[in-house]
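Predicted model, so just to flag it, every value in this text is computed and none were measured. Lettering of chains follows the sequences in order, A, B, ..., and the numbering in each one begins at 1. In what follows, every heavy atom counts, from backbone to side chain, and hydrogens, waters and symmetry copies are set aside.
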There are 2 protein chains.
Amino acid sequence: MLVTLNDIAIKAGVSVTTVSRVLNNKHEKYRISAETKTLVMQAAKELDYRPNLLARGLRLKRTHTIGIIVPDISNPFFAFVTHMLQMFIYQHGYSLIVCSTNEDIKTEIEQIELLKSKGIDGFVIMPVGTTHNHIDDLLGEDKPVVLLDRCFNDININAVVVDNYTGAFRAIEHIIQNGHTKIAIIQGLLNTYTNNERLKGYREALKKHNIKINTDYIVGNDFRKENGYIETKLLLKMENPPTAIFTTSDLITLGALQALFEGNCKIPEDVSLVAFDDIDFAPYLMAPLTLVRQPKELIAETAGKLLIEDIKTKGKKEKKKIVLMPELIVRNSVKNLFEKRQSQKYEAEALLK
Amino acid sequence: MLVTLNDIAIKAGVSVTTVSRVLNNKHEKYRISAETKTLVMQAAKELDYRPNLLARGLRLKRTHTIGIIVPDISNPFFAFVTHMLQMFIYQHGYSLIVCSTNEDIKTEIEQIELLKSKGIDGFVIMPVGTTHNHIDDLLGEDKPVVLLDRCFNDININAVVVDNYTGAFRAIEHIIQNGHTKIAIIQGLLNTYTNNERLKGYREALKKHNIKINTDYIVGNDFRKENGYIETKLLLKMENPPTAIFTTSDLITLGALQALFEGNCKIPEDVSLVAFDDIDFAPYLMAPLTLVRQPKELIAETAGKLLIEDIKTKGKKEKKKIVLMPELIVRNSVKNLFEKRQSQKYEAEALLK
DNA sequence: AGAGGGTGCACAATCGATTGTGCAAAGGGC
DNA sequence: GCCCTTTGCACAATCGATTGTGCACCCTCT
């Protein structure tokens, strides 16, 4: 078994109390003599003492552990954010428990309960869905919480999100400015914050440019690859298929690429594609992908800061909602339909001569 | 504060002992009357009791928590394996603490110490480097450990690895069979198990086909993207550049792609490329990538099974080293130099006529 | 009625660390 | 020499859950 305070106490010939006080640097407050102090330090070093963090956590009700609830850590966006967050908090003396929920609200609730039982100091949550009683409960118990990527507008809570609305809006507007009017969107999980905002951006952009919304072009219901694959297949089979597709997550994009590939559809010649979420390989795809990039590093670091601040101030500080701006990266996956018309015009003119 | 056994005891009018026994389903062993049992159950339900896992862990020395030490969770391969592992062990009632080491042995040692202090029940470790005193210590303390992806041949320990040697060997042989002799390898972190094996596969394949090894073609020292980028740039600038490059991790591949892209090098026309590690987007890249795929799901599941078995049998069972076979996926990133010669021959013949 | 056995539960120690309080011993002032 | 202060440390409770042991009480049998 591990070395305990008691072992040190025996070796140093003092009480457990004294050992604890020395090791916690409280020798001044409790007037431990310099002599005793070195004696204890010596013994501790020789025995290679490591505090039992379960016992300490039980006593102090602080575990220096943070829990993160993520929908799916195999999604590159979430994986990257998790990695950054762990790096950040580790520097501040915290460790991270990671829980994947597989986008299932029941699992999410269970995992949060489990983490509470483990006495963690704070939560970073990327919630599924739009109900949030379980998160309200956390707030009620004064547990530090930061929502990440997805949030709720109707509660006062720390949150770090990207302006999904504007991101989607700009993406769609970019497509429209290239002459498209038949634009499809493959949604992620319905009723998530991110999906709602992205859909709103899609709708508003079309509305602004007086393009009638065709609900047949609004498809999908899941952030995963299979969703992107199936919906793209179906879109391609439509009588009046879209000329451009907006995919709302990296995994959806992956599925869409697969379907387009199998259908022998060239991007952007046959179909234009714009994605939400950065994809590392985007520039090197058959068609370098135009996409909406989220500031991933900044998201993770901001969330980490917010949470640790909340823990240190014991929730006294006001809750903040921080909205970060995504960026549209234009590459070469959107066909310019005007140019086509132009060239057709030229060809026509040439014919007339 | 959370509800404790004591709260239930008061509400039910019995002792804490009895409450504990009822809730742990030990009413038979300790002869608790059916009456008392329902009384306690009622009270527990009404108060929405959740056991304090710190206290339980302290007492029982079991926390139902597993720690995973991963070099870099933002690496897609590691992220996927971590996700699968978490899913698997969660079904068995365990949760997962994730620690990234950033390929730093010092961090790795620290993290392992930390996890020990947290009283976790077992480790899954993807170790950095070739020294393993810290892991020997774990074995000495009878902590269940499973190595994953990387292992050491000189200790008796549970491990799940891929046959990196054969994977690399086949990849290089495939390149050779397409007529290449100037083949470069961009290595990952030196002296890691995976890197050593992959390098050995590279060497042996060349040797088998009587191709002299040019050490100028053996470059790189890190599994990250920047390494792939820089080394590819340098390779392209060589006086006598390679005609094919073997990248030994997905992030190295990403960096290499970037360098090739910037250098306006077409794959496979100008340079051939074969990668180790599956990349989701591989089929849809400008040149659909030929690569060595590792059975990721299987790796994770096997490791999970092995670890849980080891925990349940308290290390009584014999240690196993499980070697899984990778698969060479041939796409279109290797140029066939014979065909070129063929066509040159045809052209020459045509000229002669 | 008294012995013997079974039933049903509580006492108290334990895991390891933290901390308010109390109490000797030493030192100083008169 | 006596009282008071200061110094230096230990006692014991506490966090919440688990478990070996002990002990009333009741029933039954002789």
Starting at atom [atom1] of [X], determine the distance to atom [atom2] of [N], rounded to an integer number of angstrom.
{"X": "L58(A)", "N": "dA17(D)", "atom1": "CG", "atom2": "C1'", "answer": "9 Å"}
{"X": "L53(A)", "N": "dT18(C)", "atom1": "CG", "atom2": "P", "answer": "10 Å"}
{"X": "L5(A)", "N": "dC15(C)", "atom1": "CG", "atom2": "P", "answer": "13 Å"}
{"X": "R59(A)", "N": "dA17(D)", "atom1": "CZ", "atom2": "C1'", "answer": "16 Å"}
{"X": "R31(A)", "N": "dA10(D)", "atom1": "CZ", "atom2": "C1'", "answer": "13 Å"}
{"X": "E35(A)", "N": "dG8(D)", "atom1": "CD", "atom2": "P", "answer": "10 Å"}
{"X": "L60(B)", "N": "dC15(C)", "atom1": "CG", "atom2": "C1'", "answer": "9 Å"}
{"X": "N6(A)", "N": "dT18(C)", "atom1": "CG", "atom2": "P", "answer": "14 Å"}

Considering only side-chain heavy atoms of [X], which listed nucleotide, [options], is closest?
{"X": "S15(B)", "options": "dA10(C), dA17(D), dA17(C)", "result": "dA10(C)"}
{"X": "K61(A)", "options": "dA17(C), dA10(C), dC15(D)", "result": "dC15(D)"}
{"X": "T36(B)", "options": "dG8(C), dG16(C), dG8(D)", "result": "dG8(C)"}
{"X": "Y30(A)", "options": "dA17(D), dC9(D), dT19(C)", "result": "dT19(C)"}
{"X": "S33(A)", "options": "dA17(C), dG16(D), dC9(D)", "result": "dC9(D)"}
{"X": "T17(B)", "options": "dG20(D), dT19(C), dA17(C)", "result": "dG20(D)"}
{"X": "V14(A)", "options": "dG16(D), dC9(C), dA10(D)", "result": "dA10(D)"}

- Task: Write out all pairs satisfying salt bridge (charged side-chain N to carboxylate O under 4.0 Å, His left out) with one or both partners inside residues 27-50 of chain A, taking only residues at least two apart or from two chains.
- Result: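 Qualifying pairs, neighbours excluded: K11(A)-E46(A), D48(A)-R50(A), R50(A)-E113(B).
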- Sequence neighbours excluded, every pair satisfying salt bridge (charged side-chain N to carboxylate O under 4.0 Å, His left out) that has a member inside residues 126-138 of chain B: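 Applying salt bridge (charged side-chain N to carboxylate O under 4.0 Å, His left out) to every pair that reaches into residues 126-138 of chain B, excluding sequence neighbours, yields nothing.
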- Query: Under the salt bridge (Lys or Arg N to Asp or Glu O under 4.0 Å) test, which residues partner D310(A), sequence neighbours left out?
  - Reply: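 Partners of D310(A) under the salt bridge (Lys or Arg N to Asp or Glu O under 4.0 Å) test: K319(A).
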- Item | Listed once per pair and sorted, the ring pair (Phe, Tyr, Trp, His ring centres under 6.0 Å) pairs that draw on residues 86-107 of chain A, sequence neighbours left out |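 Listed by first then second residue: H64(A)-Y94(A), F88(A)-H92(A).
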- Task: With sequence neighbours excluded, give me every ring pair (Phe, Tyr, Trp, His ring centres under 6.0 Å) pair touching residues 120-162 of chain B.
- Result: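 For residues 120-162 of chain B, and leaving out neighbouring residues, the ring pair (Phe, Tyr, Trp, His ring centres under 6.0 Å) pairs sorted by first residue read H132(B)-F152(B).
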- Item | Between CD1 on residue I97(B) and CD on residue Q111(B), distance to nearest 0.5 Å |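 With rounding to 0.5 Å, CD1 (I97(B)) is 10.0 Å from CD (Q111(B)).
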- Query: Can you tell me how far the CD1 atom of I112(A) sits from the SG atom of C99(A), to the nearest 0.5 Å?
  - Reply: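 It comes to 9.0 Å.
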- Task: With heavy atoms under 4.0 Å as the rule, sort I32(B) into base, sugar-phosphate or nothing.
- Result: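 Sugar-phosphate, backbone atoms only, no base.
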- Rounded (10°) bend between the five-pair end axes of the helix from dA1(C)-dT30(D) to dC30(C)-dG1(D):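 Rounded value for the end-axis angle: 80°.
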- Query: Partners of T107(B) by side chain to side chain donor-acceptor pair (under 3.5 Å), sequence neighbours excluded?
  - Reply: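 Partners of T107(B) under the side chain to side chain donor-acceptor pair (under 3.5 Å) test: D104(B).
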- Item | Partner set under side chain to side chain donor-acceptor pair (under 3.5 Å) for N156(B), not counting sequence neighbours |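 Here no residue qualifies.
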- For DNA chain C, determine which residues of residues 18-29 of chain A have any heavy atom closer than 4.0 angstrom to one of its atoms, and list them numerically.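 When residues 18-29 of chain A is checked for heavy atoms under 4.0 Å from DNA chain C, the hits, listed by number, are S20(A), R21(A), N24(A), K26(A), K29(A).
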- Output yes when K116(A) and E141(A) qualify as a salt bridge under the 4.0 Å nitrogen-oxygen rule, no when they do not.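 Judged by the 4.0 Å cut-off on N to carboxylate O distance, K116(A) and E141(A) do form a salt bridge.
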